[in-house]
Amino acid sequence: MDDRQFRNAMGKFATGVTVVATEVDSKVHGMTANAFMSVSLNPKLVVVSIAEKAQMLEKIYQSGKFSVNILAANQQELSMIFAGQVKNHQEVVFDQLGGVPVLPGAVVQITCEVTAAHVEGDHTLFIGKVTNIQLEDSEPLIYYSGKYRLMAEG
Ligand code: FAD
């Protein structure tokens with residue numbers, strides 16, 4: 001089994017797209033991530049998986065907080081910006097929710113406090129205790145097989 005086969009197989013799991021954001025020394029840092037899931041209802045916990053090479057790793061360790069912003073169908077460009085795929089982009093303005101930066105226009109904004117960090121292979125799983133949620137009634141952006149998609153009714 002090679003890396004390409006593993007990536008191709010994992011890419012067959014259709015997901016939404018999130019931007020994980022945190023703030024250190026009054027500077028907001030965002031990163032596109034689709035390795036996100038709900039972990040527990042009571043207490044309310046979520047998990048994100050951050051690569052060891054990502055700048056975001058140290059930032060979350062420093063702040064102890066992060067937000068997960070589930071992108072809307074019209075936010076593909078933001079996904080590309082926060083994946084480092086757009087050079088010379090416009091400044092992105094964040095809102096604040098309970099002292100954590102969140103992305104305006106996202107379908108869902110979730111803020112968390114880190115309760116645990118598990119290093120697994122070349123990624124770190126941050127468990128976040130949910131402190132705030134804001135929900136919009138709009139369609140999410142979808143990611144499947146390395147491409148952005150829009151939802152269709154079945
Ligand atoms: P950088 O590469 O330095 O920053 C990312 C980009 O965001 C830069 O272009 C930077 O200019 C911009 N940026 C950051 N903060 C701001 C700000 N405040 N205002 C404006 N622009 C800003 N990686 C994972 O580890 N886990 C995942 O689950 C994951 N899922 C992904 C899903 C998709 C669909 C894609 C496309 C990529 C995914 N990645 C994931 C890869 C990850 O998004 C990139 O490797 C990313 O570049 C890593 O970010 P970084 O923290 O190293 O910071």
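What you see is a predicted model; the values in this text were computed from it and never measured. Counting starts at 1 for both ligands and their atoms, following the listed order. Scope of the values below: all heavy atoms of this structure, side chains included, with no hydrogens, waters or symmetry mates.
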Point to revise | Minimum-distance protein heavy atom relative to atom 50 (P) of ligand 1 | key: Q55 N, 3.5 Å
Review point. About how many Å separate CE of M151 and CG of L141, when rounded to the nearest 0.5 Å?
Key: 10.5 Å
Exercise for review: For residues I127 and H118, determine if any side-chain heavy atom of one lies less than 4.5 Å from a side-chain heavy atom of the other.
Suggested key: yes
Practice item. Quick one: pull up CD in E77 and CD in Q90 and give me the separation to the nearest 0.5 Å. Key: 8.0 Å
Check your understanding: Just wondering, do M80 and Y148 contact through their side chains at under 4.5 Å, heavy atoms?
Key -> yes
Check your understanding: Near I50, which atoms of ligand 1 are under 4.0 Å from a heavy atom of that residue?
Key -> 25 (O)
Review point. Looking only at protein heavy atoms, which one is nearest to atom 45 (O) of ligand 1, and how far off is it?
Key: K53 NZ, 4.5 Å
Review point. Do any nitrogen or oxygen atoms of N34 come within less than 3.5 Å of a nitrogen or oxygen of ligand 1?
Key: yes
Point to revise | Under-4.0 Å heavy-atom contact with ligand 1, by part of F82 that carries it | key: both
Check your understanding: Under 6.0 Å between ring centres, would you say that holds for Y61 and F126?
Key -> yes
Practice item. First locate atom CG of L71, then atom CG of L103, and finally report the distance between them rounded to the nearest 0.5 Å. Key: 6.5 Å
Point to revise | Per-atom contacts of ligand 1 with Y143, taking only distances under 4.0 Å to non-hydrogen atoms | key: 34 (C)
Check your understanding: Just which atoms of ligand 1 are under 4.0 Å from any heavy atom in I81?
Key -> 6 (C), 7 (O), 8 (C), 9 (O), 12 (C)
Exercise for review: Of the side chain and backbone of H89, name the one, both, or neither that has a heavy atom under 4.0 Å from an atom of ligand 1.
Suggested key: side chain
Review point. Among all protein non-hydrogen atoms, which one is nearest to atom 47 (O) of ligand 1, and what is the separation to 0.1 Å?
Key: A83 O, 3.3 Å
Review point. If we only count N/O pairs under 3.5 Å, is S79 in contact with ligand 1?
Key: no
Check your understanding: Would you call H29 and Q55 a side-chain contact if the rule is heavy atoms closer than 4.5 Å?
Key -> yes
Revision key, fill the gap. Note: ligand 1 atoms sitting under 4.0 Å from heavy atoms of M56 are 51 (O)
**Study point:** Gap separating the OG1 atom of T111 from the CG atom of L97, nearest 0.5 angstrom
**Key:** 4.5 Å
Check your understanding: Nearest protein heavy atom to atom 24 (C) of ligand 1, by residue and atom, and its distance?
Key -> M31 CE, 3.3 Å
Point to revise | Nearest-option assignment for atom 14 (C) of ligand 1, heavy atoms, candidates A21, G30, A54 | key: G30
Check your understanding: Of V92, V28, T32, which has the heavy atom at the shortest distance from atom 18 (N) of ligand 1?
Key -> V28
Check your understanding: Counting both backbone and side chain atoms, is some N or O of A35 under 3.5 Å from an N or O of ligand 1?
Key -> yes
Check your understanding: How does F94 reach ligand 1, by side chain, by backbone, by both or by neither, if only non-hydrogen atoms under 4.0 Å count?
Key -> side chain
Exercise for review: Compare all side-chain heavy atoms of V20 with those of M56 and state whether any distance is below 4.5 angstrom.
Suggested key: yes
Point to revise | Min side-chain heavy-atom separation S63-E23 under 4.5 Å | key: no
Practice item. Decide whether K65 and T22 meet the rule of one side-chain donor and one side-chain acceptor closer than 3.5 Å. Key: no
Point to revise | Heavy atom of protein closer than 4.0 angstrom to atom 2 (O) of ligand 1 | key: no
Review point. Atom 25 (O) of ligand 1: which protein heavy atom is closest, and how many Å away?
Key: A51 N, 2.8 Å
Review point. So, is S49 polar-close to ligand 1, with some N/O to N/O distance under 3.5 Å?
Key: yes
Review point. When you measure from atom 4 (O) of ligand 1 to every protein heavy atom, which one gives the shortest distance, and what is it?
Key: H29 CE1, 3.7 Å
**Study point:** same_hphob_cluster(V102, F36) at 4.5 Å side-chain heavy-atom cutoff
**Key:** no
